[in-house]
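Counting starts at 1 for both ligands and their atoms, in listed order. All residue numbers in this chain count up from 1 along the given sequence.
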Amino acid sequence: MSVSNFPGNPSSASTGLPITKVTVPALAEMKRQGKPISALTAYDYSSSRLADEAGIDLLLVGDSLAMVVLGYENTLAVTVDEMLHHTRAVRRAVRRALVVADMPFGSYHGTAAEGLANAIRFVKEAGAEAVKIEGLRIELVRMLTEAEIPVVGHLGLTPQSVHRMGGYRVQARTAETARQLKADALALADAGAGALVLEGVPREVAAGITAELPIPTIGIGAGPDCDGQILVYHDLLNLTFAPAAKFVRCYADAGSLIRSAIEHYREDVERRAFPSDEESYHLPEAAKKGMAAAEKAHVLRKA
Ligand code: KIV
């Protein structure tokens, strides 16, 4: 029996066969085998359940939820408690994918001990199976790894550094910054990170890092040569209200579908076409007769 198929593991509703849970070591194995890793952001129960059933390997409860779910202009405002709330919802939905929680801005920017304490909350209180942190935080990555918490690093365009970067700009565009990015990636792997998100970097730079790094790279705006790819759920389905970035591929126009379904519902309500008689509950015959008899008796008493 494979250790990943132990009896407590979930089984597929359709086949009854055990579902093999995706783990951080499984991602490393996928890199070794040259098998691309599919990843997507996730924020709530229903969408996570659909993504898990669609076979996505890694679901990231991204702090992008600050923008796409909560409507903030950047990711900085979202709190640990808000991220925990969404991570719990995702965790309840997911049976197979690896659930990674994004540590929000401010939750690991003080001492490494504070970062560790916050990361422990994601594992203990929300069921996260790994945490993601942006930037080069070697001491924290070491501490988390020693505390048995798998870490996903995030380098390149790191949205929590929006003010330092002066906007969302492609990073590592010179030979010197590309060399530095590779050195940072190797240092994170050396400190124990289990995977690395590379965001907003030239294809050639991501390809070079992917080839040298012992851990999987997951790209977003980093070209096709990474070990895996991640997109923001709302970008993939056109549920955003801003022009899409160059790297986004929109696979369905759920925004138009949802808007038109809601318009249709509103029109039906306005012309009293919803609900129909078939969509209404009815009294049982005996109760109808009882009511009619009571009504008749009432009329007779009054007469
Ligand atoms: O928060 C997020 O959605 C992310 C991905 C873009 C990698 O960090």
Side-chain angles (χ1 to χ4, degrees), residues 24 27 36-44 47-48 51 56-80 82-87 89-90 97-109 118-119 122 126 128-137 150-162 165 167-172 181 185 188 193-201 206 209-210 215-223 226-237 239-240 242 244-250:
V24 173
L27 297 184
I37 297 163
S38 58
L40 189 62
T41 63
Y43 314 105
D44 63 27
S47 57
S48 308
I56 291 290
D57 298 314
L58 183 158
L59 285 170
L60 168 70
V61 188
D63 64 353
S64 50
L65 79 83
M67 299 166 82
V68 297
V69 176
L70 302 179
Y72 290 111
E73 75 174 81
N74 57 43
T75 61
L76 304 181
V78 72
T79 66
V80 169
E82 286 166 332
M83 291 298 297
L84 285 168
H85 172 80
H86 286 271
T87 305
V90 172
L98 179 76
V99 175
V100 180
D102 217 357
M103 304 249 323
F105 176 67
S107 68
Y108 60 99
H109 297 76
N118 281 320
F122 279 98
E129 294 158 335
V131 295
K132 178 169 84 58
I133 57 177
E134 295 185 5
L136 186 67
R137 293 177 195 276
V151 184
V152 176
H154 184 162
L155 293 176
L157 192 171
T158 46
Q160 291 175 11
S161 319
V162 59
M165 294 182 304
Y168 299 109
R169 298 175 200 291
V170 176
Q171 302 293 299
L181 186 70
L188 282 177
L196 177 67
V197 169
L198 283 175
E199 177 167 359
V201 298
I209 293 174
T210 301
I215 58 172
T217 59
I218 317 270
I220 174 161
C226 294
D227 297 304
Q229 297 292 330
I230 185 162
L231 276 179
V232 168
Y233 179 89
H234 291 60
D235 286 341
L236 184 143
L237 294 171
L239 290 168
T240 56
K246 173 183 171 126
F247 61 81
V248 167
R249 189 179 295 175
C250 179

Check: Tyr43 N/O within less than 3.5 Å of ligand 1 N/O: no
Gly62 neighbourhood, listing ligand 1 atoms whose heavy-atom distance to it stays under 4.0 Å: 1 (O), 2 (C), 3 (O)
Mode of Ile218 contact toward ligand 1 - side chain, backbone, both, neither (heavy atoms, under 4.0 Å): neither
N/O donor-acceptor pair under 3.5 Å between Gln229 side chain and Leu40 backbone: no
Enumerated ligand 1 atoms positioned under 4.0 Å from heavy atoms of Thr41: 3 (O)
Ser64 and Tyr43: side chain donor to acceptor below 3.5 Å: yes
Considering all heavy atoms, the nearest Met165-Gln171 contact: SD-NE2, 3.6 Å
Proximity of Asp63 to ligand 1 by residue part, where a heavy atom lies under 4.0 Å: both
His109, NE2: over 12 other non-hydrogen atoms inside 6.0 angstrom: yes
Nearest-neighbour protein heavy atom for atom 2 (C) of ligand 1, which is reported as residue plus atom name and distance: Ser64 OG, 3.3 Å
Heavy-atom gap His154 to ligand 1 smaller than 4.0 Å: yes
Within residues 61-76 or reaching into it, pairs that qualify as salt bridge (Lys or Arg N to Asp or Glu O under 4.0 Å) - sequence neighbours excluded: none
Heavy-atom nearest neighbour in the protein, as seen from atom 5 (C) of ligand 1, with distance rounded to 0.1 Å: Leu60 CD2, 3.8 Å
Atom 8 (O) of ligand 1: nearest protein contact (heavy atom, Å): Lys132 NZ, 3.0 Å
Test applied, side-chain hydrogen bond (donor to acceptor under 3.5 Å, both in side chains); reference residue, Asp102; option that passes from His86, Lys132, His154: Lys132
Per-atom contacts of ligand 1 with Ile220, taking only distances under 4.0 Å to non-hydrogen atoms: 6 (C)
4.5 Å side-chain heavy-atom contact, Tyr233 and Val68: no
